[in-house]
Amino acid sequence: MAKIQTLKQGDGSPNKGRRDFIVVASYAMAGIGLASVAWPLIDQMNPAADTLALASIEVDISKIEMGQSITVKWRGKPVFIRHRTETEITSAQSVQLSDLKDPQTDDERVTNPQFLVMLGVCTHLGCVPLGQKSGDVKGEYDGWFCPCHGSHYDSSGRIRKGPAPLNLEIPPYQFASDAVIKIG
Amino acid sequence: MKWCKAIIFSCALFASNAIAAGSGDVVLKQKDWSFNGPFGTLDKAAMQRGFQAYREICASCHSLNYIAFRNLSDLGYNDDEIKAFAAEYDVEDGPNDEGEMFIRPGIAADRFPSPYPNDAAARAGNNGAYPPDLSLITKARAKGPDYLYSLLTSYKDAPEDKDVPDGMYYNAAYPGYLIAMPQPIYGEDVTYADGAPTDVSAIASDLVYFLTWTAEPSLEKRKRTGVKVMIFLLIMVGMSYGAMKFIWADVKKA
Amino acid sequence: MSADKFSNPVVRWIDHRLPIFTFMDHELNEYPTPKNLNYFWNFGSLAGISLVIMIVTGIVLAMSYTPHVDYAFQSVERIMRDVNHGWLLRYIHMNGASFFFIVVFIHIFRGLYYGSYKAPRELLWILGVLILLLMMATAFMGYVLPWGQMSFWGATVITNLFSAIPLVGDSIVTLLWGGFSVDNPTLNRFFALHYLMPFLIVGVVILHLVALHRFGSNNPIGIDPSGPQDTVPFHPYYTIKDFFGLSIFLTLFAAAIFFFPNFMGHPDNYIPANPMQTPAHIVPEWYFLPFYAILRAVPDKLGGVVAMFGAIAVLFILPWLDRSPIRSGNFRPIFRIFFWVFVVDCIALGYLGGMPAEGIYVVLSRVATAWYFLHFLAILPLLSVIETPRPLPQSLSKSVLGGNAMAGVASAVKEKVR
């Protein structure tokens, strides 16, 4: 509305084209300026450098005895690392894919079958399942059991029974050496 | 009455300072630092040397609380070098599953551990004088880089008429001339891998580069961004001036 | 005011139910503004934009700041080092305070020179002084938040001002502190109030604008526009002019942020607060220096505090101290001289506020303080009686067109209108 009026006033001027151009261009500059200032204001909410520095951690797994598990904190969540027994490995590998709610072979879930590394967060509503300590309830499939709503996970961390829709998530990790894994 | 005291105290300090400034003539040595001016940059080689000098000379008393090992990538170190630096330090972590604090080697995300467990211990270990944290030192002093350089290079024998008490040292660049820190650099205190000179002023200068960076790791980025922003804004000034002239052209005729 | 002035049907539909477009059209497009405003009239909109800049950067900084004595300094350094673009946001906020005051001070002196406080704009002026007071409180509390040495000792000295109040002074100070010295409760509440007060300022700014739009802007000639030939619609004439002024302002602001970000700060504020040791130099932020000089000029504790607050209080009653019917200083030859003496006096007070309170500085502070009050309480009332103003032009247009007897004015105005 306002702009229309401006343009009308300029009708008689021989410089109309130049004038319209520079006025529009000035407002465009202001727009570009505002947009580029907006980015820092938004980006400051992204994780800061000190948070990102802890986004990947290294864990020494050489001290985990066979049949034991440890829990480490990674990005504010528990990561389960289990040194599995031969029995557990065999039972995890022998499961038929057709029996699984979220079909995945054990091989797809581990880099080294001896060590299972996964996020200890139930895929149902985010509780931390039991099964890390020797005295814990391990559920019907000798893996992990989420007490919140009764999800049973097997020795590969796959969902077997209960409301959880997916297997326990595997975080990105790699073996930095035989004794050290780097998560994240 | 506290208020009165505060005012009187500050006035007294103003006065003492003015006297020091009036009679003392603490003249700082001015150097042409590479980070001066709108296009200034930090000298990575000098910063690496300064980092070495900090570790070998200053770190036994002065902490560097706001710098993490990961920040050293700004100095041009790669991840493995940074990991190696960090691992040289012991860091207290915990509590572990038994509820005990434990010592582990540092990782890149850790900040430089302080040489003293707390401020009181730092004071006690230095005749009651607190060795300040160096992270912000060049911003926490007026004309910081020049001040630091002058301070490190101005230890001298006291003039005849100046009484230097025990535990104090004469420094021509320190306000009041008496400083509790003994001369830290004598020359050839460090051996640089790149073979750069190691006289007092060279080491002092390297430290200034390093500590200017620790005070404001974003310095280079700030200046680079600034140049771009200024160019943008100057164009905006020109265009908005043109637009204003065009819009107001009608009014002149009226 | 009918809705059919808008061609867009959506706009029309909305405006019929919620007349925001009519309102905007009325306040921007139709709002008649004297056409002879000079660049000093840019500072009102600049102040508004400064306020917005401060609020926006302040809100994002608050997302990473921790108001606790053990973490405040550290959290500010984390903003400077680790938070994405944190250094930029913090430097904008830090220098923004200084630039906000520069703009507001120029805005105030413009009002003083051109008599913008005179009838019918007394309330407009009073609301403005109220904004200044709120700004000072906000700036003071904001300076405490980084919890450096200057933050701590500034907070200690300024809160102790209230102990000068007879009988209840000490109780008030304890109340302000939430303890027996400036400590964690103080920092916590200062953060809460520092976050709140800018929104109070926004409220008063809205009232300031409502009062402004009642009679429209004053102008360099100081006479009311006599008709449409004397005015132009605010948009696009003054929007583009404000935009040009803003571009210049931002250029200077950016130069400070990117090249001298700590020039207007104090190095001691990069030392964490230490309640056991006062820094050698304690000075308030530069924008408080004139008031600090007045405080120190009076050798009595209560007297100093009264004088300092009086220096602002006197601005509230200014419309009734200067009774001259002529608004613009351009037509008041004697007032004009005293105005510039007053400007020099204020600058001198600012300088003296930063100098040690001893020797010649004390004497000069007292002279400058006395002159400050003399200007408002004696010179202005007296001038309104004895001064013979120069003849005023018939209308704004006439003076704009120039070429008549008003040569002096015309030349002064010409630069503004061209």
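Just so we're on the same page: letters track the sequence lines, and every chain starts at 1.
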Quiz item: Between Met45(A) and chain C, which part of the residue has a heavy atom less than 4.5 Å away: side chain, backbone, both or neither?
Solution: side chain
Exercise. Select all residues of residues 60-92 of chain A having any heavy atom within less than 4.5 Å of some heavy atom of chain C, and report them by number, or 'none'.
Key: none
Quiz item: For Lys182(A), does the NZ atom have more than 12 heavy-atom neighbours from other residues, nucleotides or ligands under 6.0 Å away?
Solution: no
Quiz prompt | Residue selection (most heavy-atom pairs with chain A, distance under 4.5 Å) from Leu250(C), Leu28(C), Ile59(C), Val83(C) | solution = Val83(C)
Quiz item: Do you know which two heavy atoms are closest between Val56(C) and Leu41(A), and how far apart they sit?
Solution: CG1-CD1, 3.6 Å
Self-check item: Segment of Thr51(A) engaging chain C (4.5 angstrom heavy-atom cut-off)
Solution: side chain
Practice problem: Please indicate whether Phe21(A) has more than 12 foreign heavy atoms, meaning atoms of other residues, nucleotides or ligands, lying under 6.0 Å from its CZ. | Solution: no
Quiz item: Using non-hydrogen atoms only, which part of Phe21(C) is less than 4.5 Å away from chain A: side chain, backbone, both, or neither?
Solution: neither
Self-check item: Options Pro47(A), Gly33(A), Ala53(A), Ala49(A), ranked by heavy-atom pairs under 4.5 Å with chain C, top entry
Solution: Ala49(A)
Quiz item: In terms of heavy-atom pairs under 4.5 Å, which option from Asp82(C), Leu89(C), Ile92(C) contacts chain A the most?
Solution: Asp82(C)
Exercise. Look up atom CG in Leu61(C) and atom CD in Gln44(A), then write down how far apart they are to the nearest 0.5 Å.
Key: 8.0 Å
Practice problem: For atom CZ of Phe260(C), decide whether the heavy atoms of other residues, nucleotides or ligands shown that lie under 6.0 angstrom number more than 12. | Solution: no
Quiz item: So with a 6.0 Å cut-off around CZ of Phe259(C), is the heavy-atom count from everything else above 12?
Solution: yes
Quiz item: Is there a side-chain contact between Tyr27(A) and Ile240(C), using heavy atoms and a 4.5 Å cut-off?
Solution: yes
Exercise. Using a cut-off of 6.0 Å, state whether more than 12 heavy atoms not belonging to Phe199(C) lie near its atom CZ.
Key: yes
Quiz item: Has the side chain of Asn84(C) got a donor or acceptor atom that lies under 3.5 Å from a matching backbone atom of Ala48(A)?
Solution: no
Quiz item: What do you reckon, is CG of Asp99(A) surrounded by more than 12 foreign heavy atoms closer than 6.0 Å?
Solution: yes
Practice problem: Tell me, out of Asn46(A), Asp50(A), Leu52(A), who's got the most heavy-atom pairs with chain C below 4.5 Å. | Solution: Asp50(A)
